[in-house]
Amino acid sequence: MLLTSLALASLFAACSAVPTSQVAYSSSCAEPVVRKEWRALSAPERADWIQAINCLSHLPHDPTLSPSVDPSISLIPPINATSSYYDDLVYVHMDLNSRVCSIHFTGLFLPWHRWYLHTLEVEMKDRCGYTGASPYWNWTIGNYFPPFSTLRAYAPADAPHFFESAFWKDSDPFTGLGGWGDPKADFSVPDGGFRNLHLSYPSPHTLRRNFTLQPFQIPGFQFFPDQLKEGNASFLAPEIQRILDTPAGDFRGFQKAFEIFQGSHTAVHLIMGGDLAGQCPRDAPANCMPGPTWSPNEPLFWLHHGMVDKVWYDWQHRDPANARSFLGGTVQALENWTTYNQYPSGAPPFFDLNSTMPSDGLFPEARIGDVMSTTGGMLCYVYE
């Protein structure tokens, strides 16, 4: 879709404007919380996280939500005033996916999603009494065993055995994430703690998962050159190591290795199908456009992006040159492979650490520099 110069200018202004008042964040972080892998949590800790997500889905819509992008450009449904606060959080992600003002394939990808995940945790605590830290899902490992356990070496990894992984076998209604969707019911998830999670976008439905082993089969899409590639091949442990081996100080190269179209970030979304892949529900309007927009409908989105954030965190801690390394533009460069390879983290005008990240009015804005460290600025956490 081609945008007029005026439309591009207005979108850039919406995404880069500095708010009239900046929140002052302390640089001290004396007692950081520890984010753990999902399977390292106790049953009560898992139940608390699931309960808090469900709690947000029962709170009313917040009328302060205001899209940054004109719906005629974003082509997403209008705000549903009867939706939930959880739906509001999803809508922010839906809205910020235009060529400009996008949280994908621009400099916003890593810092914005780190901030978004932090915001979810804050809202869970403030609105629903959650007391834990945000967990993450390490797709490269199997069932959790303590480091000293002799069984650890025999735990099958999620990635090479994705469909059959024990990760999908926990159907407990309080502590389980549930399994794959029922093909006879539009792939709705029938068990686990989110079996009754009702969602508003793109049309009312319950949570869906549809395992898709070869999710890159979109004929003619230039950015999926290997149409027959199996999705889980992109998030095996050696692939994550390759991402971590990005040269010191090369933020743009790190983001490209992570976010490239058939890379680990996208592959986890697409192999899951359903909501995480942005697939339209069966009864969605005829003009429903599939894509990454409503992927936070799936609670596993937060665990997935917890892992994305952890890999960035690990890379930041590999070398002092990585800690505050940042280089990203405001405009997606997705015309072809040439433009993408030149600007994989976005084309000019460039963001800097003082650039403001958009929130659609739902929560206070923050600067990119506020989230470059997980133990400074507005954040205070580490990964185990």
Side-chain angles (χ1 to χ4, degrees), residues 1-8 10-12 14-15 57 61-63 65-106 108 116 181-189 197-212 215-224 227 261 266 269-299 301 331-332 334-335 358-362:
M1 178 182 63
L2 295 177
L3 300 178
T4 66
S5 297
L6 181 59
L8 282 170
S10 63
L11 280 173
F12 175 67
C15 282
S57 77
H61 159 66
D62 187 335
L65 176 64
S66 179
S68 298
V69 184
D70 189 302
S72 67
I73 296 173
S74 66
L75 302 179
I76 62 173
I79 292 174
N80 181 347
T82 65
S83 62
S84 72
Y85 187 73
Y86 187 79
D87 292 318
D88 289 344
L89 291 167
V90 171
Y91 199 89
V92 176
H93 190 275
M94 291 171 61
D95 180 48
L96 300 176
N97 273 282
S98 298
R99 183 185 171 206
V100 178
C101 210
S102 180
I103 51 178
H104 299 107
F105 301 104
T106 71
L108 289 179
Y116 189 44
D182 181 357
K184 298 178 181 179
D186 195 24
F187 297 96
S188 292
V189 175
L197 180 61
H198 290 268
L199 304 156
S200 294
Y201 300 110
S203 61
H205 66 284
T206 55
L207 178 65
R208 298 165 304 126
R209 293 178 189 149
N210 176 13
F211 175 72
T212 309
F216 303 117
Q217 297 189 54
I218 303 179
F221 185 60
Q222 63 173 321
F223 293 113
F224 287 170
Q227 298 268 310
F261 288 85
T266 301
H269 276 272
L270 297 185
I271 199 172
M272 289 279 295
D275 283 291
L276 194 63
Q279 295 175 347
C280 295
R282 184 168 55 198
D283 60 353
N287 63 350
C288 177
M289 294 184 63
T293 60
W294 58 83
S295 54
N297 277 344
E298 165 65 83
F301 171 94
V331 182
Q332 292 178 332
L334 305 180
E335 290 79 8
S359 65
D360 282 4
L362 195 61

**Message:** Rounded at 0.5 Å granularity, tell me how far CZ in Phe211 sits from CZ in Phe187.
**Reply:** 12.0 Å

**Item:** Distance (rounded to the nearest 0.5 Å) between Phe223 CZ and Thr266 OG1
**Value:** 12.0 Å

**Message:** Treating Gln332 as the side-chain partner and Asn97 as the backbone partner, does any N or O pair qualify as donor plus acceptor under 3.5 Å?
**Reply:** no

**Residue pair Pro215 / Phe224, side-chain heavy-atom distance below 4.5 Å** = no

**Item:** Asp95 side chain vs Ser68 backbone, donor-acceptor pair below 3.5 Å
**Value:** yes

**Request:** Look up atom CG in Leu276 and atom CG in Leu270, then write down how far apart they are to the nearest 0.5 Å.
**Result:** 8.5 Å

**Prompt:** Parallel, tilted or perpendicular: which describes the rings of His93 and Phe301, with under 30° parallel and over 60° perpendicular?
**Reply:** perpendicular

**Request:** Give the minimum heavy-atom separation between Thr212 and Asn210, together with the two atoms involved.
**Result:** OG1-O, 2.9 Å

**Item:** Nearest-0.5 Å distance that lies between atom NE2 in His269 and atom CD in Glu298
**Value:** 10.0 Å

**Request:** Answer yes or no: is there a side-chain heavy-atom contact under 4.5 Å between Met289 and Asn287?
**Result:** no

**Asked** With no hydrogens and no angle check, is any side-chain donor or acceptor of Tyr91 less than 3.5 Å from a backbone partner on Pro77?
**Response** yes

**Item:** Sequence neighbours excluded - side chain to side chain donor-acceptor pair (under 3.5 Å) pairs with any residue from residues 79-89
**Value:** His61-Asp88, Asn80-Thr82, Ser84-Asp87, Tyr85-Glu123, Tyr86-Trp302, Asp87-Ser200

**Asked** Do His104 side-chain atoms and Ser102 backbone N/O form a donor-acceptor pair below 3.5 Å?
**Response** no

**Request:** State, yes or no, whether a side-chain contact exists between Pro78 and Pro71 at a heavy-atom distance under 4.5 Å.
**Result:** no

**Prompt:** Closest heavy-atom contact between Asp275 and Thr206?
**Reply:** OD2-O, 4.1 Å

**Shortest non-hydrogen separation from Tyr116 to Pro296 and the atoms involved** = OH-CG, 3.6 Å

**Prompt:** Is the shortest heavy-atom distance from the side chain of Leu362 to the side chain of Leu89 under 4.5 Å?
**Reply:** yes

**Request:** For Phe216 and Phe261, work out which heavy atoms get closest and say how close.
**Result:** CE2-O, 4.0 Å

**Message:** Can you give me the closest heavy-atom contact between Ser203 and Pro281, atom names plus distance?
**Reply:** OG-CG, 3.8 Å

**Request:** Kindly say whether Ile218 contributes a backbone atom to a donor-acceptor pair with the side chain of Gln227 at under 3.5 angstrom?
**Result:** yes

**Message:** Is there a side-chain contact between Leu199 and Arg208 in this structure, where contact means two heavy atoms from C-beta onward sitting under 4.5 Å apart?
**Reply:** no

**Asked** Where is the tightest heavy-atom contact between Asn297 and Leu197, given as atom of each residue plus distance?
**Response** O-CD2, 3.7 Å

**Request:** List the steps and the verdict of side chain to side chain contact (heavy atoms under 4.5 Å, CB included) for Ser188 and Asp182.
**Result:** CA-CA 5 Å; Ser188 292; Asp182 181 357; 5.7 Å; no

